[in-house]
Amino acid sequence: MCYGKCARCIGHSLAGLALLCIAANILLYFPNGETRYASENHLSRFVWFFSGIVGGGLLMLLPAFVFIGLEQDDCCGCCGHENCGKRCAMLSSVLASLIGIAGSGYCVIVAALGLAEGPLCLNSFGQWNYTFASTEGQYLLDTSTWSQCSEPRHVVEWNVSLFSILLALGGIEFILCLIQVINGVLGGICGYCCSRQQVRTCVKMGVVWPWC
């Protein structure tokens, strides 16, 4: 297996997921396509944490571009060994993966908190508050209570859908970055792209991975 191609595939996937996270987070600012709730500060506080824009979005683009460029990156080589630079590049990708793990983890945590607390909305008493904050997320299972929020219209569905999307996308990003941590370590130890000769070397070194 070629570790570089695997990393590039992960990189392209992360780039697409990052753009989706940014789009989902932006939509949270405009319930039903209306802008006045953002200007009046009548949005869930977790919307302002920028979890999809920063955590699952911009921070994810850095490791994505690093992974995509790994096949062309040789780290200038080292010690006169042609493949040594490739291994150096693969090991350095682990650091980028950790940034991605931090960003996606932030996205997942904030999205989960946003789902648990529920939206800020105008209730039947004419007050703006977190109507479902005391339910500890149980409102998610009882859709009949969602009508307690009269404004913005369908804000519960809006928040639940978009925060759920951010939670899912962030979770996928987290898994992909974790896979790249393993892929980067194996690529650095066993070789950038294992050939038969490298397989024999790995076996002699006592490093017997299923990818080698």
Side-chain angles (χ1 to χ4, degrees), residues 11 13-67 95-178:
S13 299
L14 288 177
L17 291 170
L19 295 178
L20 290 176
C21 280
I22 292 173
N25 199 153
I26 291 175
L27 287 175
L28 279 169
Y29 292 101
F30 309 107
N32 302 317
E34 299 182 57
T35 60
R36 64 187 181 95
Y37 298 109
S39 61
E40 295 171 359
N41 198 26
H42 287 155
L43 297 175
S44 168
R45 58 177 175 170
F46 290 109
V47 174
W48 301 103
F49 281 38
F50 306 107
S51 61
I53 295 176
V54 176
L58 298 179
L59 278 180
M60 202 56 56
L61 291 176
L62 173 61
F65 292 146
V66 169
F67 301 159
L95 296 177
S97 301
L98 296 178
I99 295 175
I101 287 175
S104 59
Y106 176 70
C107 182
V108 167
I109 291 172
V110 174
L113 291 174
L115 282 173
E117 185 174 63
L120 175 66
C121 65
L122 186 68
N123 61 21
S124 56
F125 299 103
Q127 298 176 330
W128 287 92
N129 59 20
Y130 293 93
T131 306
F132 306 107
S134 61
T135 67
E136 298 181 349
Q138 293 301 313
Y139 78 97
L140 295 169
L141 305 175
D142 187 4
T143 57
S144 63
T145 62
W146 294 5
S147 60
Q148 295 178 29
C149 283
S150 59
E151 192 178 343
R153 293 186 58 189
H154 307 297
V155 68
V156 182
E157 293 91 332
W158 189 267
N159 269 35
V160 169
S161 298
L162 292 173
F163 273 127
S164 295
I165 289 173
L166 286 174
L167 183 65
L169 293 177
I172 296 172
E173 289 175 339
F174 185 91
I175 293 172
L176 289 176
C177 287
L178 192 59

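Side chains are part of it too, since the values below use all heavy atoms of this structure and drop only hydrogens, waters and symmetry mates.
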Look at the side chain of [X] and the backbone N and O of [Y], then say whether any donor-acceptor pair between them is shorter than 3.5 Å.
X: Trp146; Y: Val155; answer: no
X: Ser104; Y: Ile101; answer: yes
X: Trp158; Y: Leu27; answer: yes

First locate atom [atom1] of [X], then atom [atom2] of [Y], and finally report the distance between them rounded to the nearest 0.5 Å.
X: Ile172; Y: Leu167; atom1: CD1; atom2: CG; value: 10.0 Å
X: Trp128; Y: Asn41; atom1: CH2; atom2: CG; value: 10.5 Å
X: Asn25; Y: Tyr29; atom1: CG; atom2: OH; value: 5.0 Å
X: Leu95; Y: Leu62; atom1: CG; atom2: CG; value: 10.5 Å
X: Ser44; Y: Leu162; atom1: OG; atom2: CG; value: 11.5 Å
X: Glu34; Y: His42; atom1: CD; atom2: NE2; value: 13.0 Å

Any side-chain heavy atom of [X] sitting closer than 4.5 Å to one from [Y]?
X: Glu173; Y: Leu14; answer: yes
X: Gln148; Y: Phe132; answer: yes
X: Leu43; Y: Pro31; answer: yes
X: Ile165; Y: Leu20; answer: no
X: Tyr139; Y: Val160; answer: yes

### Query
Can a donor-acceptor pair be found between the side chains of Tyr37 and Glu151 at a distance below 3.5 Å?
yes

Which pair of non-hydrogen atoms, one from [X] and one from [Y], has the smallest distance, and what is that distance?
X: Asn32; Y: His154; answer: OD1-CB, 4.2 Å
X: Glu117; Y: Phe46; answer: OE1-CE1, 3.1 Å
X: Pro119; Y: Asn159; answer: CB-ND2, 3.4 Å
X: Phe163; Y: Val47; answer: CZ-CG2, 4.1 Å
X: Tyr106; Y: Phe49; answer: OH-O, 2.6 Å
X: Asn123; Y: Phe125; answer: OD1-N, 2.9 Å

### Message
Using the rule given for side-chain contact (heavy atoms from CB on, under 4.5 Å), can you reason through Leu166 versus Ser51, listing the C-alpha separation, both sets of side-chain angles and the distance that settles it, and then say yes or no?
### Response
CA-CA 8 Å; Leu166 286 174; Ser51 61; 4.1 Å; yes

### Query
Should Thr131 and Asn129 be marked as a side-chain hydrogen bond (donor to acceptor under 3.5 Å, both in side chains) after you check the CA-CA gap, both sets of side-chain angles, and the distance that decides it?
CA-CA 6 Å; Thr131 306; Asn129 59 20; 3.2 Å; yes

### Message
Using a 6.0 Å cut-off, check whether atom CD of Glu40 has over 12 heavy atoms from anything other than its own residue.
### Response
yes

### Task
Carefully, step by step, assess Leu17 and Met60 under the rule side-chain contact (heavy atoms from CB on, under 4.5 Å).
CA-CA 9 Å; Leu17 291 170; Met60 202 56 56; 5.9 Å; no

### Task
Apply side-chain contact (heavy atoms from CB on, under 4.5 Å) to Cys121 and Val156, showing your working.
CA-CA 9 Å; Cys121 65; Val156 182; 5.7 Å; no

### Task
Find out if the SG atoms belonging to Cys107 and Cys21 lie under 2.5 Å from one another.
no

#### Entry: side-chain contact (heavy atoms from CB on, under 4.5 Å) assessment of Ile175 paired with Leu178
CA-CA 5 Å; Ile175 293 172; Leu178 192 59; 5.6 Å; no

